[in-house]
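Report on one structure; see the data block that follows.
Predicted model, so just to flag it, every value in this text is computed and none were measured.
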Amino acid sequence: MGFQSHESAKTIISELNLPLTPEEFNEATKKQFELIFPDTQVMPDTEDLYTVGFQKVASRYGKKFTFELKSRIMGQQTREFAGNIIKYLDLPLTIEDFVSETRQIFEELFPQSEILPGVKKLIYHLNQHNIPMGLATSSSKESYELKTLKHQDLFDLFSHKTLGSSDPDVKRGKPHPDIFIVAANKFLDKPDLEKCLVFEDSINGVKAARAAGMQVVMVPDPRLDRSHATEATLILDSMEEFKPELFGLPPYEF
């Protein structure tokens, strides 16, 4: 670890007595990394980690977990997206096999989850002004705990969490509105649904929020065709662009 690529290649070849030149080794590993780690960042967000995990499974069968497929399943509950990935990639796995295998991968990956730019600022700002906040995620309880391992102080600011793949009250995943209706009903003041503001990154999430009668700000993956997200109240390139006063919330003070 820490070696330059040519140096690490020579060391691995020597230690493992591989019949390769450093150039051949680097070329072979480059192709594998492109397959296993598409579009990842140094400090990946949760959705990139899902891509890495799903691709690790798909690559064993010579298949690729594409961005198009990712866009289809984002927001779905665990068993639902597992079934859809198996179907679209024609994998010789049961849903139980797929979930079990990916869970082991995510136990290593999810603790790396980072908060996207602008999110902390907004959450701390709303908390400072006593604006009620709830979390509605399609993740299971186990996945949620792994993803938030390094960010407990931030997630403690939410008055309640609705974990779609574990909550028995959430009967259907996004794009159905169930998760947002359940989450809204957990607020003490039981707000009118049209007064709730949702932040989403997926088309399924936008559809679910709008089906619940809520406003929704979308911060999509830059590769997403925004023509598929016309139902969003507002689309931003980054949460850093969000202006709370546009939705009747206290403006940032700096």
Side-chain angles (χ1 to χ4, degrees), residues 39 44-51 67-78 80-81 84 113-123 125-126 131-140 143-144 147-148 151 154-155 157-165 167 170-187 191-244 246-249:
D39 308 312
D45 63 32
T46 299
E47 290 305 328
D48 283 325
L49 294 175
Y50 273 116
T51 299
F67 179 72
E68 180 186 1
L69 178 52
K70 175 183 175 180
S71 299
R72 286 173 181 252
I73 67 162
M74 280 179 69
Q76 294 180 348
Q77 293 179 330
T78 302
E80 186 177 9
F81 71 60
N84 282 327
S113 297
E114 296 295 334
I115 305 298
L116 291 173
V119 173
K120 282 186 180 181
K121 178 182 178 180
L122 176 61
I123 292 175
H125 173 73
L126 296 179
I131 306 297
M133 296 178 288
L135 178 70
T137 171
S138 297
S139 297
S140 65
S143 293
Y144 165 79
K147 293 175 190 176
T148 61
H151 312 289
L154 185 68
F155 283 87
L157 299 180
F158 290 95
S159 64
H160 57 272
K161 289 95 174 173
T162 304
L163 311 178
S165 292
D167 193 320
V170 181
K171 306 299 184 185
R172 302 171 299 175
K174 303 170 185 176
H176 299 289
D178 303 35
I179 190 169
F180 292 124
I181 295 172
V182 170
N185 286 333
K186 292 180 181 179
F187 285 113
D192 294 333
L193 297 182
E194 62 267 20
K195 293 181 179 179
C196 295
L197 178 61
V198 173
F199 292 89
E200 262 293 343
D201 62 354
S202 72
I203 293 174
N204 283 333
V206 169
K207 290 181 180 295
R210 296 301 294 158
M214 300 176 178
Q215 300 179 80
V216 55
V217 173
M218 186 184 195
V219 187
D221 187 297
R223 293 166 293 178
L224 183 73
D225 181 352
R226 296 188 178 193
S227 66
H228 298 306
T230 54
E231 294 177 78
T233 311
L234 177 66
I235 301 179
L236 302 174
D237 292 326
S238 167
M239 280 293 288
E240 293 179 303
E241 299 176 355
F242 180 68
K243 296 180 179 180
L246 294 179
F247 293 89
L249 297 166

Could you tell me the separation between the [atom1] atom of [X] and the [atom2] atom of [Y], rounded to the nearest 0.5 Å?
X: D201; Y: S71; atom1: CG; atom2: OG; value: 10.0 Å
X: M133; Y: F155; atom1: CE; atom2: CZ; value: 11.0 Å
X: M218; Y: L236; atom1: CE; atom2: CG; value: 11.0 Å
X: L154; Y: I123; atom1: CG; atom2: CD1; value: 4.0 Å
X: L197; Y: L246; atom1: CG; atom2: CG; value: 10.5 Å
X: Y50; Y: S143; atom1: OH; atom2: OG; value: 4.5 Å

Minimum-distance pair of heavy atoms, taken over all atoms of [X] and [Y]:
X: E231; Y: K207; value: OE2-NZ, 3.1 Å
X: S139; Y: Y144; value: CB-N, 4.3 Å
X: G205; Y: F180; value: O-CE1, 3.6 Å
X: A184; Y: L193; value: CB-CD2, 3.6 Å
X: G134; Y: F158; value: C-CD2, 3.5 Å

Q.
One pair to check against side chain to side chain contact (heavy atoms under 4.5 Å, CB included): E200 and M214. What are the steps and the verdict?
A. CA-CA 12 Å; E200 262 293 343; M214 300 176 178; over 6 Å; no

Q) So R72 and N84, side chain to side chain contact (heavy atoms under 4.5 Å, CB included) or not? Walk me through it. A) CA-CA 9 Å; R72 286 173 181 252; N84 282 327; over 6 Å; no

Between the main-chain N or O of [Y] and the side-chain N or O of [X], is there a donor-acceptor pair closer than 3.5 Å?
X: S165; Y: S138; answer: yes
X: D192; Y: E194; answer: no
X: Q77; Y: V170; answer: yes

Q. Are I179 and K174 close enough, and set up right, to give a side chain to side chain contact (heavy atoms under 4.5 Å, CB included), and what steps lead you there?
A. CA-CA 8 Å; I179 190 169; K174 303 170 185 176; 3.9 Å; yes

**Q.** Results of side chain to side chain contact (heavy atoms under 4.5 Å, CB included) for P177 - residues two or more places apart only
**A.** R172, I181, A211, A212

Q) Does some side-chain heavy atom of H125 sit less than 4.5 Å from a side-chain heavy atom of I131? A)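 They are not in side-chain contact.
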
Q: Please examine the side chains of V219 and L116, heavy atoms only from C-beta on, and report whether any two atoms are closer than 4.5 Å.
A: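 Side-chain contact under 4.5 Å: no.
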
Q: Report the relative orientation of the aromatic rings in F247 and F242; use parallel for angles under 30°, tilted for 30 to 60°, perpendicular for over 60°.
A: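 Taking F242 first and then F247, their aromatic rings lie parallel (interplane angle under 30°).
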
**Q.** Stepwise side chain to side chain contact (heavy atoms under 4.5 Å, CB included) test for L163 and T137
**A.** CA-CA 5 Å; L163 311 178; T137 171; 3.4 Å; yes

Q.
Between N204 and S202, is the side-chain hydrogen bond (donor to acceptor under 3.5 Å, both in side chains) condition met? List the steps.
A. CA-CA 5 Å; N204 283 333; S202 72; 5.7 Å; no

